[in-house]
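Below: one structure, written as structure tokens.
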Amino acid sequence: MTRCMARYNPKDVEPHWRKAWEEADVFRTSNDDDGRPKYYMLEMFPYPSGRIHMGHVRNYAMGDVVGRYKRAQGFAVLHPMGWDAFGLPAENAAMERGVSPRAWTYDNIAAMREQLKALGLSIDWSREFATCDPEYYGQQQRWFLKLLQRGLVYRKEATVNWDPVDMTVLANEQVIDGKGWRSGATVEKRKLTQWFLRITDYADALLEGLTTLDRWPDKVRLMQENWIGRSRGLRLTFHYAGAAPEDQGEGLEVYTTRPDTLFGASFLAIAPDHPLAEQLAAADPKVAAFVAECRRGGTSEAEIEGAEKLGLDTGIQVVHPFDPDWRLPVWIGNFVLMDYGTGAIFGCPAHDQRDLDFARKYGLPVRPVVLPADADPASFEVGAEAYVGPGRIFNSGFLDGLTVENAKSAAIEKIEAGAQGQGAVVYRLRDWGISRQRYWGCPIPVIHCKSCGLVPAPDDSLPVVLPDDVTFDRPGSPLLHHPTWRLVACPTCGGEAERETDTLDTFMDSSWYFARFADPTAEEPINKAAADRWLPVDQYIGGIEHAILHLLYARFITRALKDEGMLSAEEPFAGLFTQGMVTHETYRRQNGDWVEPSDVAFETEGGVRIARLKQTGEALTLGDIEKMSKSKKNVVAPEDIFEAYGVDAARLFVMSDSPPERDVQWTTGGVEGANRFVHRVWAEFDSQPEAGGQAPDLSLADNGQALELRRATHKLIGWVTDSIENFRFNSGVARLYEFLNILRAAPAAGASDAVLAARTEALEVLARLVAPFTPHLAEACWQRLGAEGMVVNAPWPKADPALATDSTVVLPVQINGKRRGEVTVAKGTDEAQVRALALADSGVSVHLAGLTVRKVIVVQDRIINIVAN
RNA sequence: GGGGACGUGGCGGAAUGGUAGACGCAGCGGACUUAAAAUCCGUUGGAGUAAUCCGUGUGGGUUCGAGUCCCACCGUCCCUACCA
């Protein structure tokens with residue numbers, strides 16, 4: 001009997017199944033080994049800004065597809081969720097609206113938790129935590145002190161990037177184009193005592209580790225490699241000619257990767273903040289003025305103003321290492337960086353563009369020493385462009401005639417023999433500055449005592465908890481302003497002492513959360529047995545914007561904690577996928593104001609789409625397709641979409657329209673298409689006569705339409721499986737759509753028993769294949785079939801190879817590469833037969849009239865190409 | 001300046017070196033409706049009545065065969081940047 005068709009209503013169905021999953025507690029994951037292989041599925045945890053956006057929907061939908069699929073494949077899946085909850089926005093809210101950062105953050109978490117739960121994600125919510133929970137950051141303080149003990153943490157006075165608006169120090173990575181990554185304010189240089197982590201100790205390990213990450217995008221590995229920036233070269237000292245400046249040693253140490261060009265040297269340059277420059281500045285107002293000018297430009301303006309090179313001749317001269325009579329001037333150059341290499345360089349203008357620009361500006365000699373293969377040594381000159389290519393060394397004494405590579409080795413050997421320097425490896429990577437002069441972060445658990453110095457907070461005093469009674473009425477850290485918080489007795493001598501008021505960079509919080517998820521209530525930071533069961537994360541998903549910062553820091557901390565014996569994994573993330581953004585078309589009024597999508601009405605005139613303002617009918621300009629942002633007013637709120645179409649349609653659309661690594665453009669038409677699919681799928685299940693859980697008699701369905709449907713069903717299994725395995729969700733969804741069309745062409749109404757049997761099988765497979773994408777719909781369909789239990793617990797379907805492969809193939813027949821006909825043959829038909837059939841084909845013979853067949857290429861089960869003229 | 005990715009219908013995009021344009025959107029025609037929406041059916045790269053021809057940024061090359069591989073160029077986007 002057929003039930004009456006009822007339109008699928010996600011508003012009833014979706015909450016019902018979410019409740020059913022929750023009541024059955026299906027997503028709770030045990031740490032006990034139950035014999036199933038483990039799979040750790042993790043998406044980058046969200047910052048609790050207050051509400052989820054479409055980017056979250058896409059990110060978590062992807063993870064959920066993989067998680068549910070792996071579950072069905074028989075894996076024990078760990079799929080947790082938490083909150084990256086420290087950070088500036090909470091303090092900004094406190095300043096702007098007078099709310100407490102804590103209350104603001106936890107309110108946001110509560111709101112976003114509800115929204116994420118509405119997505120129907122297969123999350124084990126019992127493991128949830130926020131990084132601002134004292135239970136979490138107290139454990140972070142615990143391992144921080146272990147790293148301090150190991151010497152991985154240190155303090156130093158450093159020139160730091162100071163954000164004058166946010167009143168905080170920024171890491172190099174947080175300075176973008178000389179601006180603070182959050183405030184956008186021009187960053188200044190300041191000297192402060194800061195806390196650092198010795199990430200550079202791990203530079204080589206982090207570099208080598210990249211080669212083991214074969215399930216990471218090449219792009220991300222390359223970005224990290226460049227960021228670490230290992231280079232091999234030579235450190236050498238140029239001795240001062242005449243009296244050495246006081247306290248500056250025998251000479252100036254420089255670093256170079258081009259020791260082969262030493263004979264092309266025409267000057268040395270030191271950074272404006274080089275000790276020698278500072279000493280000279282103290283004695284000479286002219287130098288002081290120049291140094292001040294360089295500093296004013298800072299790291300920021302240099303680029304904007306086209307990197308104008310500035311220099312000042314100090315009057316000091318040094319001796320060339322290969323020629324005691326050769327003197328080189330020492331300049332101060334604004335383009336020399338104190339924190340790379342030694343803060344001093346030798347300039348070889350002929351073979352370095354930057355040195356050439358400098359030499360041309362200040363009239364310094366340009367002396368070529370590398371000769372391109374086809375150049376004449378007598379006439380070769382360097383004009384406006386430095387020659388940086390390969391060649392033979394000339395004008396260079398003992399290096400003459402050598403290749404660039406051989407000359408490098410020879411020069412290093414000679415310098416080392418003369419004890420003037422040695423070969424060296426230098427990294428671009430700097431140590432990680434981790435202290436922030438902020439309130440809403442993890443307090444650094446250290447006490448400053450006048451007599452004992454730095455004293456770690458005793459273990460039984462952890463966590464060092466942030467005080468709640470703070471004020472934000474002045475710039476700077478509220479912890480510093482707090483009347484009592486920082487006043488403590490020294491744990492060692494009992495005298496008066498003060499707490500450290502700096503807090504940790506929030507990237508510290510996100511550098512180990514994946515390990516804490518293994519056992520979020522453990523008494524120690526990481527339950528080693530649990531972490532060893534789950535780590536590494538098998539599949540990590542997040543935005544490409546974290547390619548360097550977060551992913552490098554997490555790799556570093558994982559190694560540091562491993563060396564501390566706290567876990568066994570060397571790398572935290574075995575597989576990484578970086579998904580694209582969600583974009584939307586933009587709309588502008590004639591006066592340039594942006595208009596929200598919900599205020600736009602569309603019509604078509606002569607096939608051209610026209611946008612109008614709903615209220616007034618004013619014609620709007622269609623703008624670019626851009627990342628959803630409030631400023632462009634092109635944001636679509638997930639909750640509005642859930643309300644209009646249901647969660648499944650929204651999930652399905654973000655998975656369907658573009659490859660997951662690329663941006664997806666949100667369109668109303670697109671989500672409506674996904675919505676149509678949802679309803680059509682339900683209609684197919686709803687129109688199928690109830691089988692009462694009886695297995696279909698598939699022996700009936702061995703020919704005709706029924707067999708075709710069965711073949712399509714079994715092929716579909718393979719396609720959808722591959723699409724999920726290979727992160728090609730859009731193709732998988734397209735196959736599901738295609739299959740629905742086939743199913744609709746064999747409707748239940750008036751169907752034979754054979755077709756009905758094939759349909760029952762098809763529906764039973766379909767419910768399981770759509771389950772990762774549209775889990776609520778899948779449960780409703782599963783129940784409608786009368787199948788046992790919930791589809792969330794059903795195993796992934798297996799394809800019958802006999803049905804998934806065709807017994808016959810249609811072979812196109814080409815003549816000179818153009819398709820002229822086709823022949824249908826049994827799979828595996830041999831070449832001679834295929835050839836005969838092809839040549840006999842009427843469509844083919846017409847085109848062969850008047851031509852001589854020169855060659856017939858037969859690719860078995862694929863194609864025939866006849867070469868004729 | 002350095003590094004990377006990409007370029008296919010009106011749009012998003014499919015295509016192990018083997019029938020280019022799957023699937024979806026938009027469009028067009030029709031059914032249902034008093035009407036609209038929704039739904040359903042059909043159609044849809046371009047030119048041509050048709051046979052057929054032309055088509056994957058441009059120009060070469062390899063191959064029986066190229067969207068796919070190689071070389072050069074044009075264009076777009078992203079990352080990074082005075083790194084010695």
Side-chain angles (χ1 to χ4, degrees), chain A residues 7 176-177 217-220 222-223 225-227 229 231 233-234 254-258 261 268-269 271 299 302-303 306-309 333-337 339-348 352-355 357-358 388 426-430 544-545 547-548 580 583 585 602 604 606-609 625 652-653 656-659 661-674 676-677 679-680 683 728 730-741 744 810-822 846 854-859 861-868:
Chain A
R7 192 166 164 80
I176 296 150
D177 276 349
D218 291 343
K219 180 162 97 170
V220 175
L222 189 69
M223 284 165 79
E225 195 181 314
N226 291 339
W227 192 263
S231 72
L234 171 70
V254 307
Y255 172 73
T256 179
T257 55
R258 294 297 303 271
T261 64
L268 265 69
T299 52
E303 349 230 29
E308 180 72 11
K309 304 224 171 345
N334 67 338
F335 59 92
V336 183
L337 304 175
D339 52 2
Y340 182 76
T342 63
I345 61 158
F346 85 81
C348 175
D352 182 285
Q353 190 60 46
R354 185 201 49 209
D355 295 347
D357 294 344
F358 189 75
V388 295
V426 165
Y427 299 91
R428 213 191 77 121
L429 184 70
R430 317 289 154 80
I544 186 73
E545 66 273 18
I548 296 171
T583 61
E585 198 169 39
F602 294 99
T604 40
V608 181
R609 199 167 59 109
I625 291 147
L652 186 64
F653 175 60
S656 71
D657 220 36
S658 290
E661 68 278 9
R662 267 195 245 172
D663 291 350
V664 65
Q665 188 191 342
W666 184 274
T667 60
T668 305
V671 72
E672 282 172 353
R676 264 194 286 277
F677 176 82
H679 285 97
R680 284 172 179 173
R728 289 150 32 91
N730 56 322
S731 293
V733 172
R735 292 298 194 180
L736 289 167
Y737 281 24
E738 194 176 36
F739 182 72
L740 180 67
N741 291 338
R744 276 151 58 90
V810 178
L811 302 181
V813 183
Q814 297 181 333
I815 297 172
N816 297 331
K818 285 193 196 296
R819 186 179 175 279
R820 295 301 183 193
E822 59 184 38
V846 168
R854 301 288 173 197
K855 198 171 171 187
V856 178
I857 289 133
V858 176
V859 182
D861 298 339
R862 207 153 268 280
I863 202 164
I864 302 136
N865 192 12
I866 300 167
V867 185

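Convention: sequence-line order gives letters A, B, ...; per-chain numbering from 1. Side chains are part of it too, since the values below use all heavy atoms of this structure and drop only hydrogens, waters and symmetry mates.
Atom-to-atom, OH of A:Y255 to C1' of B:rC83 comes out at 9 Å; the value is rounded to the nearest Å. Between A:F739 atom CZ and B:rG24 atom P there is a gap of 15 Å when expressed in whole angstrom units. A straight line from OH of A:Y340 to P of B:rC83 spans 9 Å, rounded to a whole angstrom. Across the protein-nucleic acid pair, A:F653 atom CZ and B:rC23 atom C1' stand 13 Å apart, rounded to whole Å. When rounded to the nearest whole Å, the span between CD1 of A:I866 and P of B:rU63 equals 21 Å. Spacing between atom CG of A:L736 and atom C1' of B:rC23 amounts to 11 Å, rounded to whole angstrom units. Taking atom CD1 of A:I544 as the reference point, atom P of B:rC77 lies 18 Å away to the nearest angstrom. In this entry the distance linking CD of A:Q814 with P of B:rC64 reads 14 Å, nearest Å.
Relative to the side chain of A:S731, the nucleotides B:rA14, B:rC82, B:rC83 differ in distance, and B:rA14 lies closest. If you check B:rG18, B:rC23, B:rU80 against the side chain of A:W227, the one that comes closest is B:rU80. If you check B:rG65, B:rG4, B:rA84 against the side chain of A:N865, the one that comes closest is B:rG65. Checking B:rA84, B:rU19, B:rU80 against every side-chain atom of A:R354, the shortest atom distance belongs to B:rA84. Picking from B:rG4, B:rA22, B:rG18 the nucleotide with the shortest atom distance to the side chain of A:A734 gives B:rA22. Considering only side-chain atoms of A:N334, the nucleotide from B:rU16, B:rC82, B:rG4 that sits closest is B:rC82.
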Base-pair string, RNA chain B, Watson-Crick plus G-U, cut-off 3.5 Å on both distances, | for inter-strand, is (((((((..(((.....[....))).(((((.......))))).(((....)))..(((((..]....))))))))))))....
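Nucleotides B:rA31 and B:rA36 have their C1' atoms positioned 15 Å apart, rounded to a whole Å. A gap of 15 Å separates the C1' atoms of B:rG45 and B:rA26, to the nearest Å. Taking the C1' atoms as reference points, B:rG18 lies 10 Å from B:rA66, given to the whole Å. Annotation: B:rC69 and B:rA22 have their P atoms spaced 22 Å apart (nearest Å). With both ends at atom C1', the span from B:rC11 to B:rG27 equals 11 Å, rounded to whole Å. Distance check on atom P: B:rC54 versus B:rA5 gives 34 Å, rounded to whole Å. For the C1' atom pair drawn from B:rA81 and B:rC73, the interatomic distance equals 26 Å after rounding to whole Å. Distance check on atom P: B:rG67 versus B:rA20 gives 9 Å, rounded to whole Å.
When the ring pair (Phe, Tyr, Trp, His ring centres under 6.0 Å) test is applied to A:Y340, no partner is found at least two apart in sequence or on another chain. Residues satisfying the ring pair (Phe, Tyr, Trp, His ring centres under 6.0 Å) criterion with A:F358, sequence neighbours excluded, are A:F267, A:W331, A:F335, A:Y362. For A:F739, there are no ring pair (Phe, Tyr, Trp, His ring centres under 6.0 Å) partners two or more places apart in sequence or in a different chain.
Using a distance-only test at 3.5 Å, with no hydrogens or angles considered, a donor-acceptor pair links the side chain of A:T583 to the main chain of A:V664. Put simply, the side chain of A:D663 never gets that close to the backbone of A:G580: no donor and acceptor are under 3.5 Å apart. The backbone N or O of A:D339 lies less than 3.5 Å from a partner atom in the side chain of A:R430, making a donor-acceptor pair. Remark: side-chain polar atoms of A:N816 are paired, donor with acceptor, to backbone N or O of A:A868 under 3.5 angstrom.
Look at A:R728 and you'll find a side-chain N or O under 4.0 angstrom from OP1 or OP2 of B:rA15. Taking side-chain N and O atoms only, A:N226 has no distance below 4.0 Å to OP1 or OP2 of B:rG4. For A:R744, a side-chain nitrogen or oxygen approaches OP1 or OP2 of B:rC41 to under 4.0 Å. In this model, the phosphate group of B:rG24 is not approached by any side-chain N or O of A:R676 to a distance below 4.0 Å at OP1 or OP2.
The residue A:G673 sits close only to the backbone: its heavy atoms come under 4.0 Å of sugar-phosphate atoms, none of a base.
For the pair A:R820/A:I866, no side-chain contact is recorded, criterion being any heavy-atom separation below 4.5 Å from C-beta on. The shortest side-chain heavy-atom distance between A:D355 and A:F346 does not fall under the 4.5 Å cut-off.
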Could you write out each protein N or O paired with an N or O of nucleotides 53-57 of chain B at a distance under 3.5 Å?
{"unit_1": "B:rC53", "atom_1": "OP1", "unit_2": "A:R820", "atom_2": "NH2", "d": "3.0"}
{"unit_1": "B:rC53", "atom_1": "OP2", "unit_2": "A:R820", "atom_2": "NH1", "d": "3.3"}

Taking only nitrogen or oxygen atoms into account, show me every contact under 3.5 Å that the protein makes with nucleotides 7-13 of chain B, one pair per line with its distance.
{"unit_1": "B:rG12", "atom_1": "O2'", "unit_2": "A:D657", "atom_2": "O", "d": "3.0"}
{"unit_1": "B:rG12", "atom_1": "O2'", "unit_2": "A:S658", "atom_2": "OG", "d": "3.1"}

Intermediate values then yes/no, side-chain contact (heavy atoms from CB on, under 4.5 Å), A:F653 and A:T667: CA-CA 9 Å; A:F653 175 60; A:T667 60; 3.9 Å; yes
- request: Step by step, work out the side-chain contact (heavy atoms from CB on, under 4.5 Å) result for A:S656 and A:F677.
  value: CA-CA 11 Å; A:S656 71; A:F677 176 82; over 6 Å; no
- Task: Could you check A:I857 against A:V859 for side-chain contact (heavy atoms from CB on, under 4.5 Å), going step by step and ending with a plain yes or no?
- Result: CA-CA 7 Å; A:I857 289 133; A:V859 182; 4.2 Å; yes
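B:rG12 takes the anti form, because its glycosidic angle lies more than 90° either side of 0.
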